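Accompanying notes for the structure given below.
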Amino acid sequence: MIEFDRVSKTYGEGAGQVRALQDVSFSVAAGEYVAIMGASGTGKSTLMHLLGGLDTPSAGVYRLDGVDVAGLNDDGLSALRNRKIGFVFQQFHLLERTTALQNVLLPLIYADDYPADAEARGRRVLEAVGLGDRMDHRPNELSGGQQQRVAVARALINDPALLLADEPTGNLDRQSGLQLLSVFKRLHQQGRTIIVVTHDEQVAEHADRIRVLRDGRIADDRRVPEPRDADAGLETLAASEGAAGAQQPEAEVVP
Amino acid sequence: MRITRIARQGARSMGAHKLRSFFMMLGTLIGVAAMVVVMAAGAGAKANVMSRVAGFGSGALMVNAGGGRGHSMPQEGVVTLTPQDADAIRAQVRGVDIAASQAVKRGASIKAGSAQAFGTVLGVEPSWHAAWDWPVERGRAISEEDMLTMARVCVIGATIERDLFGGLDPIGQTLQLDNVRCQVVGVLAVRGTSPMGGDMDNRVVIPLTTALRRVFNQEHLASIRVKLSDPRRSQATADEIQALLHERHHITPPAEDDFAIVSETDVTQAVSGIEGTLTRLLTALAGLSLLVGGMVLMNILLLSVNERRKEIGLRRALGARERDVLHQFLAESLAITLLGMLLGTAFGWAVALGLGATIGMPVALTWAPVAIGAAAALAVGLGFGIQPARRAARLDPIKALA
């Protein structure tokens, strides 16, 4: 489904040239749930931009769903992003003063054919992420976790080949993060191909497989024998908070 | 259609940022409104001039007492124009059909019993009616016999009739001009407003001889109305009259004339010339307002492109092509200028009608400023919107999202 074959990416020219990625090769099968880990400066962002069709490799071959991405011009890349990729960003990136439903329908505006059942589709994906009762809310009326789930619904509206998430829990509290990962788990069970780019090992361990980037190369590639279960994590959290609730809330100890 | 979906995004962004959009459209709004007002006033003035000039009559000249070009009114206190000048014009100038003398007293007090009115007393020859195409509606006109006998008779205008006699039949009644009593023998056809805006129905017309000897006690005329047998020879006839009067009044150019010859074209030019200059000036100001408004629009749009980098980056990530972003921003600036145009047109019409109602400015609403306003709004929207739109389209989505 996804094939990276000796992909390199360099920025700048001459003496100032920076090699962000060097001969990276890997593949992701359809239906896989993969985490790409790395500290900042390891080429993680570059890899994410290449995977997302926001940029093209300097060398090597990237095939997504049978399309050679390196050969695409800007319009081609735009169409690829629109049809084959669903983005989830750390910052949510929802349009303000626009309802959840309208935000979810945004990618359809850039599709060649606007589906007649767009609104029904939008409602379906919002229900799928547990926001059936929040469709007409604007982002400032939603919690961070809800906003990120709107973003997931938006990523799913075009039924993309790849759901690509960049630090999706980075701006969320622990509970909202687990709720989001629980949504990912369900999507994975339904056969969605998911790549999560993160520096957080605990997030990465929800995936089937972890690839670690170091200095622009894949340094480690391992299967997760027993991926963490987000739903179980939520239960544990609820239990511990219930226990904590019996004690004095921390905030009130401070005079 | 993809482009209509994208245009709708642009228009929606305008609605989502009402205050910002209002400032962006302000220049267009004011510019178009100013233009609508100016053009309504211009068209109103033009219609007014045309209807008034029509009253002057074609194929006619006026020889007015008092010099200077562009005067369409005789100057009072100039005593050099006489009935003998009119006789000479009749006798010596070719192509003169009628030359009708006229002596004038404005603001005269006219009484009938206890009723009083103010109006213009005209001393005229019988040919005056034909020279001005101004017949009597009822009764009879001033006759040759009236002239010979210095008869104390008068023909009155509709305003005088109304003011002095109310609903009564004025014919056979007597009215008093200073200390001369005159019998009303006729009523003039209603004439309305003069080229200079005065009431033309406040006239009391008496025989010229009566006027000079009995009422005004003077020898001079205010003007001679000349009707031409061939309207195309207007200029040649005017030149001949000028030469004749130079000789009779002993004037050698460059000494200034003590009379002025006014043709229909002079009246049109004098009236519309002033208003035309004013209209051009105000239209230029309206244009300037559009230009300044366009600059404001462009700068706010440029700022908003910077402010909306994330939105642009997001749209690109979700599949918007460069030209989709370009179209969205152009649609936004066009939506703003076109809405500004519509509001400006409505505002301008309201102001024009308000001016018409309150200060009596003649206005005529035409579609021309709407068409020009729409073209100007398109030009401003595209012309000043293109650069911000290009800048938005060329943003690198990766940098915009960062």
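Treat the numbers as computed from the prediction; the structure is a model and nothing was measured. Chain naming here is simple, since letters A, B, ... match the order of the sequence lines and numbering starts at 1 in each.
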Quick one: pull up [atom1] in [X] and [atom2] in [Y] and give me the separation to the nearest 0.5 Å.
{"X": "A:Asn103", "Y": "B:Leu318", "atom1": "CG", "atom2": "CG", "result": "9.5 Å"}
{"X": "A:Asn73", "Y": "B:Arg321", "atom1": "CG", "atom2": "CZ", "result": "10.5 Å"}
{"X": "A:His93", "Y": "B:Leu314", "atom1": "NE2", "atom2": "CG", "result": "7.0 Å"}
{"X": "A:Tyr110", "Y": "B:Arg5", "atom1": "OH", "atom2": "CZ", "result": "10.0 Å"}

Given that the side chain runs from C-beta out, which part of [X] has a heavy atom under 4.5 Å from chain B: side chain, backbone, both or neither?
{"X": "A:Arg83", "answer": "neither"}
{"X": "A:Asp112", "answer": "both"}
{"X": "A:Leu108", "answer": "backbone"}
{"X": "A:Phe87", "answer": "side chain"}

Portion of B:Arg323 that has a non-hydrogen atom of chain A nearer than 4.5 angstrom: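 Just the side chain, heavy atoms under 4.5 Å.
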
Part of B:Arg12 within contact of chain A (heavy atom distance under 4.5 Å):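 Side chain of B:Arg12 only, per the 4.5 Å heavy-atom cut-off to chain A.
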
Counting only heavy atoms not in [X], do more than 12 fall under 6.0 Å of its [atom1]?
{"X": "A:Asp215", "atom1": "CG", "answer": "no"}
{"X": "A:Asp117", "atom1": "CG", "answer": "yes"}
{"X": "A:Gln17", "atom1": "CD", "answer": "yes"}
{"X": "B:Phe23", "atom1": "CZ", "answer": "no"}
{"X": "A:Glu96", "atom1": "CD", "answer": "no"}
{"X": "B:Phe22", "atom1": "CZ", "answer": "no"}

Option in B:Ala320, B:Gly313, B:Pro397 with maximal non-hydrogen atom pairs under 4.5 Å from chain A: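 The option with the most such pairs is B:Ala320.
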
Among the listed options B:Asp324, B:Leu401, B:Ile6, the residue most often paired with chain A at heavy-atom distances under 4.5 Å: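 Heavy-atom pairs under 4.5 Å are most numerous for B:Leu401.
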
Any side-chain heavy-atom pair of B:Gln9 and A:Leu106 under 4.5 Å: yes

Beyond-backbone contact of B:Arg316 with A:Asp74, side-chain heavy atoms, under 4.5 angstrom: yes

Criterion side-chain contact (heavy atoms from CB on, under 4.5 Å) on A:Ile109 and B:Gln328, from CA distance to verdict: CA-CA 11 Å; A:Ile109 285 168; B:Gln328 183 192 328; over 6 Å; no

